[in-house]
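One structure is given below, encoded as structure tokens.
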Amino acid sequence: MIHILVFAKSIDAEQAVFVKELIDKCAATSVKLSFFDKMYSETSKWLSIPEDIKCLPVTDFGNGVGIDFLFSLGGDGTLLEASMIIADSGIPIVGINMGRLGFLASIEKKLIAQTIDKLINGEYTLEKRALLHFTSNESQFSAFPYALNDMTLIKRDHSSMVVIHTVVNGEFLNSYWADGVILSTPTGSTGYNLSCGGPILIPTAENFIITPIAPHNLSVRPLVVPDSSILEFTIEGRGENFLCTLDSRHEVISQSTKIKVRKAPFAINLVKLPKITFMKTMRDKLQWGRDTRNYKK
């Protein structure tokens with residue numbers, strides 16, 4: 001019997017309709033269903049939850065509970081949070097898009113019933129997504145020093161630009177005079193990196209991207225490096241403190257902080273369904289090849 005664990009940050013009345021569809025489909029196909037505690041409380045606002053659906057605290061995850069798939073109900077931010085829960089367990093994540101864009105959570109909510117059928121029949125593939133592994137001399141992000149999307153080093157508030165000294169594999173690369181720097185995985189290439197003019201990478205590409213944020217030198221451009229690289233960063237500026245982020249989490253750093261980033265020793269498994277490909281997602285979400293101009297007068 002397949003055991004599905006469901007994660008969401010919030011559920012509203014409109015989304016509850018699709019949660020009900022998930023519950024009914026699992027009941028009809030003898031799929032075991034469990035909810036994380038927050039998902040359980042959010043859903044119970046709108047639905048009467050069957051007694052056989054268990055409520056699992058996040059803190060109990062991994063304590064011998066046999067989970068085959070984790071369903072992430074939400075947008076890409078929800079899936080990033082789900083990846084922190086999964087960590088190095090290898091449990092595949094099924095990203096159901098309840099949000100707007102959905103590069104990571106690429107399965108539309110109207111396809112929930114079809115998704116269950118395909119999981120039962122084995123009609124899916126697993127796509128491994130690389131993570132960044134962060135270390136520093138001051139132990140920031142010690143609880144979970146990994147990022148599926150990106151790491152950023154940025155100035156705080158409205159202070160002047162900062163200087164970020166960057167070393168790749170022991171060789172000095174550049175001192176970026178900018179508002180900050182993004183180090184992105186292929187997964188994160190469609191996020192903040194894309195907004196700052198960085199390239200899009202195929203999710204399975206074995207590379208990272210170094211992208212400056214509003215650089216002072218206009219000749220400075222994003223750089224793609226192999227994901228086997230070890231990258232080191234220090235930051236300086238007029239302010240005493242700066243911000244470092246891993247995905248949606250942030251820590252304060254200083255000029256004495258020495259950061260080292262490399263590829264994590266494990267990957268996140270994302271479930272990919274037939275015909276829902278990265279290429280199709282690019283065309284649909286970014287409207288590539290679509291002429292939206294109105295020629296009618």
Side-chain angles (χ1 to χ4, degrees), residues 7 62 69-70 72 75-95 101-107 124-136 140-153 166-170 173 181-196 198-212 222-233 244-251 259-273 276-282 285:
F7 172 78
F69 301 97
L70 185 141
S72 171
D76 288 351
T78 303
L79 198 147
L80 289 175
E81 197 166 317
S83 71
M84 293 175 55
I85 299 170
I86 291 297
D88 59 353
S89 68
I91 295 173
I93 299 177
V94 180
L101 206 54
F103 284 107
L104 274 172
S106 59
I107 302 173
Y124 65 90
T125 57
L126 295 182
E127 188 172 82
K128 292 189 176 297
R129 298 294 185 94
L131 296 92
L132 301 172
H133 182 197
F134 173 100
T135 57
S136 78
Q140 287 92 350
F141 303 104
S142 57
F144 189 76
Y146 304 100
L148 180 58
N149 255 8
D150 51 40
M151 179 204 76
T152 68
L153 300 172
T166 304
V167 174
V168 180
N169 294 327
L173 170 65
V181 162
I182 306 164
L183 179 62
S184 172
T185 66
T187 297
S189 68
T190 53
Y192 196 8
N193 164 76
L194 181 61
S195 299
C196 292
I200 296 175
L201 296 184
I202 298 297
T204 53
E206 297 178 346
N207 301 103
F208 295 142
I209 312 165
I210 305 171
T211 302
L223 178 67
V224 177
V225 299
D227 66 6
S228 58
S229 303
I230 299 174
L231 300 108
E232 300 172 71
F233 302 93
C244 177
T245 72
L246 291 185
D247 290 341
S248 59
R249 296 162 288 138
H250 70 273
E251 295 266 9
I259 294 169
K260 185 175 289 187
V261 185
R262 67 185 74 201
K263 184 179 180 180
F266 63 93
I268 294 295
N269 291 315
L270 289 189
V271 170
K272 308 303 292 183
L273 300 183
I276 303 179
T277 65
F278 182 73
M279 304 297 184
K280 184 179 186 302
T281 299
M282 290 298 99
K285 303 299 182 180

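In this structure the side chain of Thr211 never reaches within 4.5 angstrom of the side chain of Ser184, judged on heavy atoms. Side-chain contact between Leu79 and Leu270: present, with at least one pair of heavy atoms (C-beta onward) separated by less than 4.5 Å. Met279 places a side-chain heavy atom less than 4.5 Å from the side chain of Ile202. Considering only heavy atoms from C-beta on, Phe233 stays 4.5 Å or farther from Ser136 through its side chain. Annotation: side chain of Ser248 is not in contact with side chain of Leu80 (no heavy-atom distance under 4.5 Å). Between Val168 and Ile210 there is a side-chain heavy-atom pair separated by less than 4.5 Å. Looking at Ile268 and Thr187, their side chains never come closer than 4.5 Å, going by heavy atoms from C-beta outward. Put simply, the side chain of Leu104 reaches to within 4.5 Å of the side chain of Arg129, judged on heavy atoms.
Residues that satisfy the salt bridge (charged side-chain N to carboxylate O under 4.0 Å, His left out) test with Lys128, not counting sequence neighbours, are absent from this structure.
The SG atom of Cys244 lies 10.0 Å from the CG atom of Leu183; values are rounded to the nearest 0.5 Å. If you take CD1 on Ile93 and CD1 on Ile86, they are separated by 5.0 Å, rounding to the nearest 0.5 Å. Taking CG of Leu173 as the start and OG of Ser229 as the end, the distance is 10.0 Å to the nearest 0.5 Å. In this structure, the separation between CZ on Phe7 and OG1 on Thr78 is 6.5 Å, given to the nearest 0.5 Å. One finds the CD atom of Glu127 at 9.5 Å from the OG1 atom of Thr277 (value rounded to the nearest 0.5 Å). Once rounded to the nearest 0.5 Å, the distance linking CD of Glu232 with OG1 of Thr135 reads 9.0 Å.
In summary, Glu251 and Arg249 do not engage in a salt bridge, as defined by a charged side-chain N under 4.0 Å from a carboxylate O.
Of all the heavy atoms in Thr281 and Ser106, the pair that sits closest is OG1-CB, 4.2 Å. Between Ile209 and Asn193 the shortest heavy-atom distance is CG2-OD1, 3.6 Å. Of all the heavy atoms in Leu70 and Ala82, the pair that sits closest is CD2-CB, 3.8 Å. Between His133 and Ala264, the shortest heavy-atom distance links the atoms CB-CA, 3.8 Å. When all heavy atoms are compared, the tightest approach of Gly198 to Pro222 is CA-CG, 3.8 Å. Nearest heavy atom pair, residue Thr190 against residue Ile200, reads CG2-CG2, 4.0 Å.
Of the candidates Leu201, Thr185, Asp150, Val224, Phe208 forms a side chain to side chain contact (heavy atoms under 4.5 Å, CB included) with just one, namely Thr185.
Side-chain contact, Thr152 with Thr245: a donor N or O sits under 3.5 Å from an acceptor N or O.
Side-chain N or O atoms of Asp247 include one that pairs as donor or acceptor with a backbone N or O of Asn149 at under 3.5 Å.
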CA sep, side-chain torsions, deciding dist, call: Lys272, Phe278, side-chain contact (heavy atoms from CB on, under 4.5 Å): CA-CA 9 Å; Lys272 308 303 292 183; Phe278 182 73; over 6 Å; no
